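Taking it in order: structure first as structure tokens, then the write-up.
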Amino acid sequence: MFPIRRVGNKILEQWRSPVVTAVKPRKSYSTEASPRPLTMLTDDELAMKETIRKLATEQIAPLVKKMEDEHKIDEGIRQMLFDNGLMGIETPAEYSGSGCGFLTMMLVVEELSRVDPAVAAYVDIHNTLVNSLFMKLGTEEQKKKYLTKLCTEYAGSFCLTEPTSGSDAFALKTVAKKDGNSYIINGSKMWISNSDVAGVFLVMANADPSKGYKGITCFIVERDTPGLSVAKPENKLGIRASGTCMVHFDNVKVPEENILGEYGHGYKYAAGFLNEGRIGIAAQMVGLCQGCMDATIPYTLDRKQFGKSIYSFQGISYQIAHLQTELEAARLLTYNAARLKENGQSFVKEAAMAKYFASEIAQTLTSKCIDFMGGVGFTRDFPQEKFFRDAKIGTIYEGTSNMQLQTIAKLIEKEYKQ
Amino acid sequence: MARVLVGVKRVIDYAVKIRVKPDKSGVVTDGVKHSMNPFDEIAVEEAVRMKEKKLASEVIAVSCGPAQSQETLRTALAMGADRAIHVEVVGAEYETMQPIHVAKILAKLSKDEKADIVIVGKQAIDDDSNQTAQMTAALLDWPQGTFASKVEKTDAGLTITREIDGGLETIKTKVPAVISADLRLNEPRYATLPNIMKAKKKTLKKMTAKDLGVDLAPRIKIVSVEDPPVRQAGSIVPDVDTLISKLKEGGHV
């Protein structure tokens, strides 16, 4: 039932230079009604994909090791992400955003992940969880106040998970007690990405524990609010440049205007927006796998043993063929889920499938790529080991693989019971 | 304020490994990644910077080539050009299109569009001709500042620093003038996502060389295109005497 298996490496030089893929000429589709293949992007999407690829290869790639060692994303890179419109990909232009579609956002995450999944995580979470929530639920004042800053000045963090509530998200214990026209928030959040640099936090707190999860409300809390403290980043196995910290709320007072969306609807928002975030993680895993393969296959074509390239041995090439097939399948699941969302169709099951599949194949694919590289793959001098470590978080965050299976199974049951 | 015309060329991407076609008629271009000539990117960047400094009122990007040249023009628009003109040249005419043809097109367009400054990359990375700027200037009878590593606009005209073999040469020209951009003129910006979206709304006019009265009849015939000879292995010699005798043997001395 859990297939994901297998599979199988190259020269640092080749990895440094951009992998050039063909852009096939296409006739205009403005008059045609027939749907396009998933991997055939619009002109704009292609232009953006190429720009991000260039940017990632030229600006981010040289700093990947340093950012991992220092446990943080380089400030110059963070500024560059703002300057190039990557921190407000879907945000409308009136709030200084880029006004692009959802698939474009996925392409950005994919292209960034080819180079550094940690930077991709930073961009993905900020866009799919924080920006999206503001865009869909914010009042005009809230949007004016925060959306522009999120596009140009600071990152945002989404605070749901706690030390005692991960998969069981609605068992969260952080409370928000009404106090006149304000709420006082008390509790601790854990595993909060971007929290080391975020300027604003979207905090899921229970404003009425007697109602169970129906009291969960989403609050906007600015970083400098008294009582909010961010602990030091966790010492993680992978995506180490992405700052993941505990965030403590000690009598943090926020005005009731800072409720995002409706009182007591926080649980809905958390569940709903995590569906989008899931497609983002799928895109991250797809990009990560692609980057890993791009660094490995040229090596297998070049490295000779027993008088011929190791790729010419079927033991290697067949495994690579299998892995690439799985990667392509993951990519199509991801793009399709993104297109479904763009077109206002239901996409919860497809998003869960994409995230589950992409993150699971990423485990084997990256591991096998180290195998293909042989001894050098086991050293930090080559990129495969970082991709291997970075991939591990894929099956854990934004809903573990088991939670994805749970979601898919429930939806299947619903479909068949009608 | 000046109106700036920038010439951009669609070339095979610099990172691609070029392969010669088996029939020796040219290099493989089908399915191969193409992008804007890097020196033209620098030219566009310079023009856009002039606009940002309020020295230029409008930047018009021009490209001569097949339909795909429009992608190159859109990149220029995304970098900040105001509008684009695509002079469509296809098939055999495109294979034998030379700087002289392009120069005639740019010269005519410069007159029609009342351009004050024409900026192009110093050379294209596919043919390395390094002729278009010079020919355009000659056809227009305008001054030229080629291999520019710095351009300053004053009320009197342009002060251009040129990279030449001996070092740097600074010249002053009046406007209108033609400039060719060298590597160190500037560092081109990335097209930001918002600008790529905005570029969609900018005008892209399509025309043919005939519309401009330019004859694209070939001046050259491509006889054959071959790989450079494979580099022979060298050998390490123990001392200078051996080196000299080996050079003599090889007939090099």
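In what follows, every chain begins at residue 1, and chains take the letters A, B, ... in the order their sequences are listed. Just so you know, these numbers come straight off a predicted model, no measurement behind them.
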(request) For chain B, find which of A/Leu55, A/Asp83, A/Thr104 contributes the most heavy-atom pairs closer than 4.5 angstrom. (result) A/Leu55
Should we count [atom1] of [X] as having more than 12 external heavy atoms under 6.0 Å?
X        : atom1 : value
B/Glu187 : CD    : no
A/Glu75  : CD    : no
A/Lys136 : NZ    : yes
B/Lys206 : NZ    : no
B/Lys150 : NZ    : no

Quick one: closest heavy-atom pair of [X] and [Y], and the distance?
X        : Y        : result
A/Cys100 : B/Met197 : SG-CG, 3.7 Å
A/Glu58  : B/Tyr190 : OE1-OH, 2.7 Å
A/Gly85  : B/Pro194 : CA-CD, 3.8 Å

(message) Whether A/Glu50 and B/Arg74 form a salt bridge (side-chain N of Lys/Arg under 4.0 Å from carboxylate O of Asp/Glu) is what I want to check.
(response)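 So B/Arg74 does not pair with A/Glu50 through a salt bridge.
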(request) Quick one: do A/Glu45 and B/Lys200 satisfy salt bridge (charged side-chain N to carboxylate O under 4.0 Å, His left out)? Show the steps, please. (result) CA-CA 12 Å; A/Glu45 287 164 351; B/Lys200 277 201 295 194; over 6 Å; no
(message) At a 4.5 Å cut-off on heavy atoms, which part of A/Ala47 comes close to chain B: side chain, backbone, both, or neither?
(response) both
(request) To the nearest 0.5 angstrom, please state how far the OG1 atom of B/Thr192 sits from the CE atom of A/Met80. (result)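 Rounded to the nearest 0.5 Å, the OG1-CE separation comes out at 12.0 Å.
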(request) State, yes or no, whether a side-chain contact exists between A/Val108 and B/Leu193 at a heavy-atom distance under 4.5 Å. (result)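 Side chain of A/Val108 against side chain of B/Leu193, heavy atoms only: contact under 4.5 Å found.
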(request) Compare all side-chain heavy atoms of A/Thr51 with those of B/Ile196 and state whether any distance is below 4.5 angstrom. (result) yes
